[in-house]
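If you read the sequence from its start, that first residue is 1, and numbering goes on from there. Bear in mind the structure is a predicted one, so any value in this text is a computation, not a measurement. When a ligand or atom number is given, it counts from 1 through the structure's own listing order.
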Amino acid sequence: MPSEKPLRSRRSCLAVPGSNPRFLEKAKGLPADQVFLDLEDAVAPSAKPDARKNVVAALNDGGWGDKLRVVRVNDWTTQWTYRDVIEVVECAGAELDCLMLPKVQSAAQVMALDTLLTQIERTVGLEVGRIGIEAQIENALGLINIEQVAQASPRVEALIFGPADFMASINMKSLVVGEQPPGYDVGDAYHYILMRILMAARAYDLQAIDGPYLQIRDVDGFRRVAGRSAALGLDGKWVLHPGQVDAANEVFSPRQEDYDHAENILDAYEWFTSEQGGMKGSAMVGDGMIDEASRKMALVISGKGRAAGMQRTDRWTPPTE
Ligand code: GLV
Ligand code: MG
């Protein structure tokens, strides 16, 4: 089913280490759809207390435009999660769109975050439930429990593949994150994981996001790998470097001609099914036949295009006789 929710664009999700104030400042000017200020794996254990302060200051200083502002907290198996959540949400909750919870293994972990968020929102007078949750799927248990994770809270907005941790968790024989493991030459080693994440996301009306590509100088490699996920239907991908942002935005946006065609199908279908258009269930648009299923496919492309701010360059007009 196409989503009834307005789409929040997450084509490019920029990782910014919370321990680096210079990177935090620079991220404000980059054209990423989402930024996530990291308190987890990009921050050394001893730097976490200062990173929380940097992240709070960066959120409260503003200047993020219409980017989605996300903070990645540490996972529940560490000793840091509760302080990450309390400090960031108490001090900058009004400037925060979502928390990202890494290494999610069960619905209970999402519910625990939901409960803590609700208590903080009530305490400091924030709207209860406005702050969303993005769940990172980074190990075998998380993937097996993904359907429960997806439904664990109405706050869940996105399911994210964490390839580096995932590769470690399943003992994959490779050190190059995002590329195929050497010796696997019969397909895409990540296909099953990505499809499972995508199915859970679509079943529960969430977004599905691909993780990082660590060869940051190889923008062509990024494009190739991102293009595969976009072709499957994922909504976006992490970017680790300014050089990957434009590529992600382009790869996860519809092509202009597809966007125009989708909008034309929607207009044409509305007209043909109306009394004036003859109440037809199927009709021709250009060289192709359209019907109700075409309308659903067009809704997906037009939703992504509209969320990305695309403009029409072509307009369908009803036949004159
Ligand atoms: C991201 O967190 C990853 O583990 O790939
Ligand atoms: Mg990870």
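Close contacts between ligand 1 and Glu138 involve ligand atoms 1 (C), 2 (O), 3 (C), 4 (O) [criterion: under 4.0 Å to a heavy atom]. Listed by number with element, the atoms of ligand 1 under 4.0 Å from a non-hydrogen atom of Arg72 are 2 (O). The ligand atoms of ligand 1 that sit less than 4.0 angstrom from a heavy atom of Gln136 are 1 (C), 2 (O).
If you look at Met167 next to ligand 1, there are no close heavy atoms at all, none under 4.0 Å. Residue Glu40 does not touch ligand 1, judged by heavy-atom distances below 4.0 Å. For Pro102, no heavy-atom contact with ligand 1 is shorter than 4.0 Å.
Side-chain contact between Thr81 and Asp75: absent, with no pair of heavy atoms (C-beta onward) separated by less than 4.5 Å. In this structure the side chain of Ile120 reaches within 4.5 angstrom of the side chain of Ile86, judged on heavy atoms.
Closest N/O/S atom of Asp165 to the Mg ion (ligand 2): OD2.
Put simply, Glu138 gets within reach of the Mg ion (ligand 2), with an N, O or S atom under 2.8 Å from it. Within the coordination shell of the Mg ion (ligand 2), defined by N, O or S atoms under 2.8 Å, Asp41 is absent.
Of all the heavy atoms in Ile133 and Asp114, the pair that sits closest is CD1-N, 4.1 Å.
To the nearest 0.5 Å, atom CD of residue Glu179 and atom OH of residue Tyr190 are 8.0 Å apart. The distance from the OG1 atom of Thr118 to the CE atom of Met111 is 12.5 Å, given to the nearest 0.5 Å. In this structure, CH2 in Trp238 is found 10.5 Å from CG in Asp210, a value given to the nearest 0.5 Å.
Residue Met100 places every heavy atom at 4.0 Å or more from ligand 1. A heavy-atom separation below 4.0 Å is not found between Gly211 and ligand 1.
In terms of polar-atom proximity, defined here as any N/O pair under 3.5 Å, Pro163 does make such a contact with ligand 1. Taking only nitrogen or oxygen atoms, main chain and side chain alike, Trp238 does not reach within less than 3.5 Å of ligand 1. The N/O atoms of Ala164, backbone and side chain alike, include one that comes under 3.5 Å of an N/O atom in ligand 1.
When the shell of 6.0 Å around CG of Leu175 is examined, it contains 12 or fewer heavy atoms from other residues, nucleotides or ligands.
Ring-plane geometry between Tyr213 and Phe222 is classed as perpendicular, the angle between the planes exceeding 60 degrees on a 0 to 90 degree scale with a lower cut at 30.
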Using distance only, find each side-chain donor-acceptor pair of residues 43-51 under 3.5 Å and give its atom names and separation, not counting sequence neighbours.
from, atom 1, to, atom 2, distance (Å)
Lys48, NZ, Leu39, O, 2.9
Lys48, NZ, Glu40, O, 2.9
Lys48, NZ, Val43, O, 3.0
Lys48, NZ, Asn74, OD1, 3.0

